[in-house]
K.L.:
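Take a look at this one; I'll ask things after.
Throughout, protein chains are lettered first and strands after them, A, B, ... in sequence-line order, and every chain is numbered starting at 1.
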Amino acid sequence: MPELPEVEVVRRGLARWVIGATFEGVEVLHPRPVRRHEAGIDDFVSRLEGVTVVDAVRRGKFLWLNLDSGEALLAHLGMSGQMLLEEPDAPDEKHLRVRLGLAGAQGRELRFVDQRMFGGLAVVEMVPTPDGGPGGLGGTPADVVPTEEPRDDGVIEGTYEAGEALIPAPVAHIARDALDPALDVDLLAARFKRRETGLKRALLDQTLISGIGNIYADEALWRAKLHYARPTEKLNRPTLNRVLAHAQDVMREALAQGGTSFDSLYVDVNGQSGYFERGLDAYGREGEACHRCGSRMRRETFMNRSSFFCPKCQPKPREGRF
DNA sequence: ACTTCAACCTGATAGC
DNA sequence: TGCTATCAGGTTGAAG
């Protein structure tokens, strides 16, 4: 299940292979992964044909290729999405959804493969962002600014000139991610204080801080010895700093290992599986001994998903927000 | 305006 | 064997 480190591995792979390459022969094999491209499949294809990739950028779990047309090919891997660079004559994957032929990518074609199809692709416009650009680890800000006034809906048409960063319109509401050097922790603390919700809910809310999913949230909470239902408004600043630092640590470790994988659903851009699962202390360890105190780890259903925690190290708060 | 949650989707696995 | 139920979970959009 791709979270920030896995998506960053994919971004790096794409940057290595497709920057400077031109789309040539784009084929949509299943309509669902292109559902976010509202103008339809034919428009999706025509906005890519003959267009050249300028950069590969990521914010949280969103990934996009800046195009020389001024638009971006936006991708989200959802639960099971993969971006594979294959020889064109390699047999089609069972769940191949979109084939993107390329000129200038060392003879490879880009394939979007997605079993469960929670993810998808869309060609979207770039808009200015109030927080100063895409940021994110390894991301290069798009170095342009609009020359026309925004429409009523805030979207800016027309040409752009150098000066200010842009972000794909559907990503404008996503907060800077946990590994973004420009993440504003003071702002995050203020928003946590104002919220009436539980800590894990907040960590998973991509409009507060992005990139953290169910697995790394559980790992960060275990390392910080905090229960998932701790109310965010009562969390003091050192405690917030602690859980944030642990989230960053665990994701940096996963990134160093090339991403996490539990089954074969996630592979990086060249088809290599990650292997961080060996380093997990909380996720998936129901009934096993806590690596710190030996207590039996527990699993609780929460937010339509599982939360794994140590009942002794991460005691339930008196007034939790579940 | 803020917070919560069902729906989307397929395949693996468990239980009968 | 075959059937049904359950689980996996990121994001959106609707409901509360």
K.L.:
Please check this pair: side chain of A:Ser210 against backbone of A:Ile174, looking for a donor-acceptor N/O pair closer than 3.5 Å.
P.N.:
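The answer is no, because no donor-acceptor pair under 3.5 Å joins these two groups.
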K.L.:
Within this structure, what is the CZ-to-P distance between A:Arg191 and B:dC2, rounded to whole angstrom?
P.N.:
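For the pair A:Arg191 CZ and B:dC2 P, the rounded distance is 9 Å.
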K.L.:
If you take any heavy atom closer than 4.0 Å to DNA chain B, which residues from residues 33-44 of chain A end up in contact?
P.N.:
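Listed by number, there are none.
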K.L.:
Over how many whole Å does the gap from A:Met303 atom CE to B:dT3 atom P extend?
P.N.:
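The distance from CE of A:Met303 to P of B:dT3 comes to 13 Å, rounded to the nearest Å.
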K.L.:
Apply side-chain hydrogen bond (donor to acceptor under 3.5 Å, both in side chains) to A:Arg299 and list each qualifying residue two or more places apart in sequence or on a separate chain.
P.N.:
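Counting only residues at least two positions away or on another chain, A:Arg299 forms a side-chain hydrogen bond (donor to acceptor under 3.5 Å, both in side chains) with A:Glu286, A:Ser306.
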K.L.:
I need the minimum non-hydrogen distance between A:Cys313 and A:Cys293, along with the two atoms involved.
P.N.:
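Answer, listing the atom of A:Cys313 first, then A:Cys293: SG-SG, 3.8 Å.
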K.L.:
How many Å lie between CG on A:Asn304 and P on C:dA8, as a whole number?
P.N.:
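It is 10 Å, rounded to the nearest whole Å.
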K.L.:
Using whole Å, report how far CG of A:Leu204 lies from C1' of B:dT3.
P.N.:
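Rounded to the whole Å, the gap is 15 Å.
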K.L.:
Sequence neighbours excluded, which residues qualify as side-chain contact (heavy atoms from CB on, under 4.5 Å) partners of A:Ser46?
P.N.:
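A:Ser46 satisfies side-chain contact (heavy atoms from CB on, under 4.5 Å) with A:Asp43 only.
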K.L.:
Between atom CG in A:Leu4 and atom P in C:dT11, what is the gap in whole Å?
P.N.:
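Taking CG of A:Leu4 and P of C:dT11, I get 11 Å after rounding.
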K.L.:
How large an angle, rounded to 10°, do the end axes of the helix from B:dC2-C:dG16 to B:dC16-C:dG2 enclose when each is built from five base pairs?
P.N.:
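The two end axes of the helix from B:dC2-C:dG16 to B:dC16-C:dG2 meet at 60°.
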K.L.:
Taking atom C1' of B:dC8 as reference, at what distance in whole Å does atom CG of A:Asp114 sit?
P.N.:
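So the two atoms are 12 Å apart, to the nearest Å.
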K.L.:
Can you tell me how far C1' of C:dG10 sits from CD1 of A:Ile209, to the nearest Å?
P.N.:
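Those two atoms, CD1 and C1', are 16 Å apart.
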K.L.:
Would you say CZ of A:Arg296 has more than 12 non-hydrogen atoms from neighbouring residues, nucleotides or ligands within 6.0 angstrom?
P.N.:
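Not more than 12 within 6.0 Å, no.
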K.L.:
Scan A:Arg195, A:Arg321, A:Lys193, A:Arg194 and name whichever one has a side-chain hydrogen bond (donor to acceptor under 3.5 Å, both in side chains) with A:Glu233.
P.N.:
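Checked A:Arg195, A:Arg321, A:Lys193, A:Arg194 against A:Glu233; only one passes side-chain hydrogen bond (donor to acceptor under 3.5 Å, both in side chains): A:Arg321.
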K.L.:
Which of parallel (below 30°), tilted (30 to 60°) and perpendicular (above 60°) describes A:Phe302 and A:Tyr228?
P.N.:
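Tilted: the ring planes of A:Phe302 and A:Tyr228 meet at 30° to 60°.
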K.L.:
A quick test of your reading: do over 12 heavy atoms of other residues, nucleotides or ligands sit less than 6.0 Å from CG of A:Asp42?
P.N.:
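Atom CG in A:Asp42 is not crowded, with 12 or fewer foreign heavy atoms closer than 6.0 Å.
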K.L.:
Who passes side-chain hydrogen bond (donor to acceptor under 3.5 Å, both in side chains) against A:Glu24, sequence neighbours left out?
P.N.:
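Residues passing side-chain hydrogen bond (donor to acceptor under 3.5 Å, both in side chains) with A:Glu24: none at all.
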K.L.:
Look at A:Arg305 and C:dA8 and indicate whether a side-chain polar atom (N or O) is within less than 4.0 Å of OP1 or OP2.
P.N.:
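No, outside the criterion.
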K.L.:
Measuring from the side chain of A:Arg299 (C-beta onward, heavy atoms only), which nucleotide among C:dG10, C:dT12, C:dA8 has the closest atom?
P.N.:
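Minimum distance to the A:Arg299 side chain belongs to C:dA8.
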K.L.:
For A:His173 and C:dT12, give me the distance from atom NE2 to atom P, rounded to whole Å.
P.N.:
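The answer, rounded to whole Å, is 4 Å.
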K.L.:
Specify the closest pair of heavy atoms between A:Ser307 and A:Lys200, including all atoms of both residues, with the distance to one decimal.
P.N.:
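Looks like OG-NZ, 2.6 Å.
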K.L.:
Can you give one letter per nucleotide of nucleotides 9-14 of chain B, going 5' to 3': B for a protein heavy atom under 4.0 Å from the base, S for sugar-phosphate only, - for none?
P.N.:
BBS---
K.L.:
It should be established whether A:Thr197 places a side-chain nitrogen or oxygen under 4.0 Å from OP1 or OP2 of nucleotide B:dC2.
P.N.:
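Checking B:dC2 against A:Thr197, no side-chain N or O comes under 4.0 Å of OP1 or OP2.
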K.L.:
State whether A:Trp222 and A:Arg292 meet the cation-pi test: NZ (Lys) or CZ (Arg) under 6.0 Å from the six-membered ring centroid, and within 45° of the perpendicular axis.
P.N.:
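The answer is yes, since A:Arg292 meets both limits relative to A:Trp222.
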